[in-house]
S.K.: 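There's a structure below that I have some questions on.
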Amino acid sequence: MPKVHSIRMATVLMAGGVSLAAMQQAQAAGFQLKEQSAQSQGNAFAGATATASDLSTIYFNPAGMTRLKHSGMDTNISYIVPSSTLSLENSSNPTAGAGTPLGNGNGGDAGGGVFVPAFYGMYSYDEDLKFGLSINTPFGLATEYDAGWAGRYHGLKSEIQSINVTPSVAYRINRNLSIGAGISMQYVEAELTKAVTDVGSANIANDGKSSLQGDDIGFGGRIGLLYEFNDATRVGASYQSRVRHNLKGEVEYKGLSAATIGALNGAGKQSVTHGASAKLVTPDIFSIGVSHDLNEKWTVLGEASRTQWSTFKHLQVLDNNGVEDENIYQNYQASHFVALGATYRHDKHNTFRFGMAFDEGAVETEHRTVRIPDADRYWLSVGYGYTADNFDVNIGYSYIKAADASLYESNTGTDGMISGTYDSDVNILAVNATWKF
């Protein structure tokens, strides 16, 4: 049975030396990750741009730091348990006659829980000026299938990892308006593998394997503003810029016959490796949020965001001579996220949160691929928070149901055809601890 492992974040948090580990699936459109705050998780991220009540505002809207009185640090851990099954309908071999099936491997259940941390720190210079630091993984995904599955010529492993380190500053201009900004250093690493037919072998069952690996560091920015109409109502807006990457690494072909290896300029070798590059642009994200206190007990929240996924049309892999080695079409389009939530303060120590959201997929049915089988998602969330004088703890839980995702991927000349329907859902439990000093 194929297993789908999703994002692996290979870095170390500044505090505690916590390794960022592998995650199953991106829990937002495309390969965007929203899991950055247990508090916001409880509200399905409704009001994340406007609430500004914990240190995760450094990520969602740096201007919100002006609402935080104390310096502090925050560690957030999300435990994500997805399930995804492909109901295989049909497949065909790229070298045999049309309709020749490629086995019964259909993807199976992609379950398996993993931990995903995030880190925040803030220094309060005075009431109006704040400095912050966030370490997050805003984008990432990996799918990995068994070697013999029916879609192996379209993809075996597809992994994209990103790590953002963002120092930020916020300043209160007047009693109503605050602004904030940050500079992001983004590391991206990608690995793409698939089976390849061995044209030098008389047995079409003799698959080889191609593997592309590359990485890059790029820079971007984040800006935000927070407008407080009064003590009860505020609106936040933020913009996270796109980041351009030129991934550089290598492509390796192995497991092929001597004749095929020879045709790839690898005579007498077991494999062929050459340099390669590919351009990748992570998208802009525009967000706006609102928070309104109905009374001392209840707050209502709203959030809307647009992720400009049209930056990710394809991943073109070039060799050292600038000749195209592979072109992986994705044809993503801009996606939208909307959320509504509410917070109930039982007393000064205990807070309860609720939320629901709709997260639009970034790909239309005709462009969906086995590498990233994206689809619309529906969220339901609850959360709880305990507040002490110098210490806060929050727990958030979300259940996400993805719409059934039809798949028809065909390139009969090189990859064959596969069709079916993905059925997916996700359970997420997030916990954070904040220390104020």
Side-chain angles (χ1 to χ4, degrees), residues 9 11-21 33-43 45 47-80 115-138 163-172 178 180 182 184 222 224 226 236 291 299 343-353 381-397 428-437:
M9 298 172 288
T11 190
V12 175
L13 286 178
M14 289 182 63
V18 181
S19 174
L20 297 185
L33 299 170
K34 287 189 174 293
E35 289 70 31
Q36 313 294 340
S37 165
Q39 184 182 111
S40 292
Q41 192 84 49
N43 293 124
F45 297 94
T49 310
T51 303
S53 58
D54 77 341
L55 290 176
S56 68
T57 192
I58 302 170
Y59 174 82
F60 293 106
N61 181 1
M65 285 190 286
T66 61
R67 286 186 53 84
L68 305 178
K69 296 180 180 180
H70 304 283
S71 300
M73 60 181 294
D74 179 297
T75 297
N76 187 87
I77 299 177
S78 299
Y79 182 59
I80 303 176
F115 293 94
V116 179
F119 171 80
Y120 306 96
M122 191 193 80
Y123 171 66
S124 178
Y125 181 78
D126 58 31
E127 290 184 355
D128 298 324
L129 181 62
K130 317 287 181 176
F131 298 93
L133 176 70
S134 63
I135 301 177
N136 307 84
T137 299
I163 301 163
N164 269 32
V165 179
T166 307
S168 303
V169 62
Y171 181 70
R172 183 182 294 276
S178 298
S184 297
R222 183 180 298 150
L226 186 71
S291 174
T299 299
T343 296
Y344 174 73
R345 288 172 293 278
H346 179 70
D347 53 38
K348 68 177 183 179
H349 296 298
N350 300 283
T351 302
F352 299 89
R353 299 181 176 89
S381 299
V382 294
Y384 167 77
Y386 179 82
T387 300
D389 290 339
N390 297 311
F391 184 78
D392 297 341
V393 175
N394 289 279
I395 300 173
Y397 168 79
I428 302 172
L429 181 65
V431 179
N432 86 299
T434 303
W435 296 267
K436 293 172 283 187
F437 43 86

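Note that the structure is a prediction, hence the values are computed from the model and not measured. Numbers here simply count residues along the sequence, with the first being 1.
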S.K.: Are the side chain of Gln36 and the backbone of Thr137 linked by a donor-acceptor contact shorter than 3.5 Å?
M.R.: yes
S.K.: Working to the nearest 0.5 angstrom, can you tell me the gap between Asp128 CG and Thr66 OG1?
M.R.: 8.0 Å
S.K.: Using the salt bridge (charged side-chain N to carboxylate O under 4.0 Å, His left out) rule, take Asp389 and Lys436 through it: C-alpha gap first, then chi angles, then the decisive distance, then the call.
M.R.: CA-CA 8 Å; Asp389 290 339; Lys436 293 172 283 187; over 6 Å; no
S.K.: Kindly determine whether Thr434 and Met73 satisfy side chain to side chain contact (heavy atoms under 4.5 Å, CB included), including the steps that lead there.
M.R.: CA-CA 6 Å; Thr434 303; Met73 60 181 294; over 6 Å; no
S.K.: What's the shortest heavy-atom distance between Ala52 and Leu226, and which atoms?
M.R.: CB-CD2, 4.4 Å
S.K.: Give me the atom names and distance for the closest heavy-atom approach of Ser134 to Ile58.
M.R.: CB-CG2, 4.0 Å
S.K.: For residues 48-63, which residue pairs qualify under salt bridge (Lys or Arg N to Asp or Glu O under 4.0 Å), counting only residues two or more places apart or in two chains?
M.R.: none
S.K.: Measuring from Leu68:CG to Ser53:OG, what's the distance to the nearest 0.5 Å?
M.R.: 8.0 Å
S.K.: Of all heavy-atom pairs between Ala50 and Gly236, which one has the smallest distance, and what is that distance?
M.R.: CB-N, 3.7 Å
S.K.: Carefully, step by step, assess Glu35 and Gln41 under the rule side chain to side chain contact (heavy atoms under 4.5 Å, CB included).
M.R.: CA-CA 7 Å; Glu35 289 70 31; Gln41 192 84 49; 3.7 Å; yes
S.K.: Tell me every residue that passes side-chain contact (heavy atoms from CB on, under 4.5 Å) with Tyr397, counting only those two or more places apart in sequence or in another chain.
M.R.: Val382, Tyr399, Asn427, Leu429
S.K.: State which residues pass side-chain hydrogen bond (donor to acceptor under 3.5 Å, both in side chains) with Tyr59; sequence neighbours excluded, sorted by chain then number.
M.R.: none
S.K.: Could you list the residues that satisfy side-chain hydrogen bond (donor to acceptor under 3.5 Å, both in side chains) with Asp126, not counting sequence neighbours?
M.R.: none
S.K.: Checking side-chain hydrogen bond (donor to acceptor under 3.5 Å, both in side chains) between Lys130 and each of Ser124, Ser71, Ser168, which is the one that passes?
M.R.: Ser124
S.K.: Identify the two heavy atoms, one from Gly180 and one from Pro62, that lie closest to each other, and give their separation to 0.1 Å.
M.R.: C-CG, 3.8 Å
S.K.: Just so I know, are the side chains of Pro138 and Leu33 near enough to count as touching, which here means a heavy-atom distance under 4.5 Å?
M.R.: no
S.K.: Ring pair (Phe, Tyr, Trp, His ring centres under 6.0 Å) with Phe45: which residues, sequence neighbours excluded?
M.R.: Phe60, Trp379
S.K.: For Ala38, what residues pass the side-chain contact (heavy atoms from CB on, under 4.5 Å) criterion, not counting sequence neighbours?
M.R.: Asn76, Asn394, Ala430, Asn432
S.K.: Using side-chain hydrogen bond (donor to acceptor under 3.5 Å, both in side chains) as the criterion, list what pairs up with Thr299, not counting sequence neighbours.
M.R.: Asp293, Arg345
S.K.: Work out which heavy atom in Phe352 is nearest to a heavy atom in His346; give both atom names and the distance.
M.R.: CE1-CB, 3.9 Å
S.K.: Have Ser56 and Gln39 got a donor and an acceptor in their side chains that come within less than 3.5 Å?
M.R.: no
S.K.: Has Tyr125 got more than 12 heavy atoms of other residues, nucleotides or ligands less than 6.0 Å from its OH?
M.R.: no
S.K.: Evaluate the side chain to side chain contact (heavy atoms under 4.5 Å, CB included) criterion for residues Ser381 and Arg353: first the C-alpha distance (whole Å), next the side-chain angles of each, then the deciding distance (0.1 Å), finally the verdict.
M.R.: CA-CA 8 Å; Ser381 299; Arg353 299 181 176 89; over 6 Å; no
S.K.: Please evaluate residues Val431 and Ile77 with respect to the criterion side chain to side chain contact (heavy atoms under 4.5 Å, CB included), reporting the C-alpha separation (whole Å), side-chain torsions for both, the decisive distance (0.1 Å), and the verdict.
M.R.: CA-CA 5 Å; Val431 179; Ile77 299 177; 5.5 Å; no
S.K.: Return the set of residues passing side-chain hydrogen bond (donor to acceptor under 3.5 Å, both in side chains) with Thr49 (not counting sequence neighbours), or none when no residue passes.
M.R.: Glu303
S.K.: Check ring pair (Phe, Tyr, Trp, His ring centres under 6.0 Å) between Tyr344 and all other residues, then give those that pass, not counting sequence neighbours.
M.R.: Trp298
S.K.: Restricting to side-chain contact (heavy atoms from CB on, under 4.5 Å), what partner residues turn up for Asp347, sequence neighbours left out?
M.R.: His349, Asn350
S.K.: Determine the sole option in Asp74, Asn136, Thr57, Thr166 for which the side-chain hydrogen bond (donor to acceptor under 3.5 Å, both in side chains) test with Tyr120 is passed.
M.R.: Asn136
S.K.: Could you report the tightest heavy-atom contact between Val169 and Met65, atom names first, then the distance?
M.R.: C-CE, 3.8 Å
S.K.: With a 4.5 Å cut-off on side-chain heavy atoms, are Thr387 and Val393 touching?
M.R.: no
S.K.: Using the ring pair (Phe, Tyr, Trp, His ring centres under 6.0 Å) criterion, which residues pair with Tyr123? Sequence neighbours excluded.
M.R.: none
S.K.: Once you round to the nearest 0.5 Å, how far does CZ of Arg67 lie from CG of Asn61?
M.R.: 11.5 Å
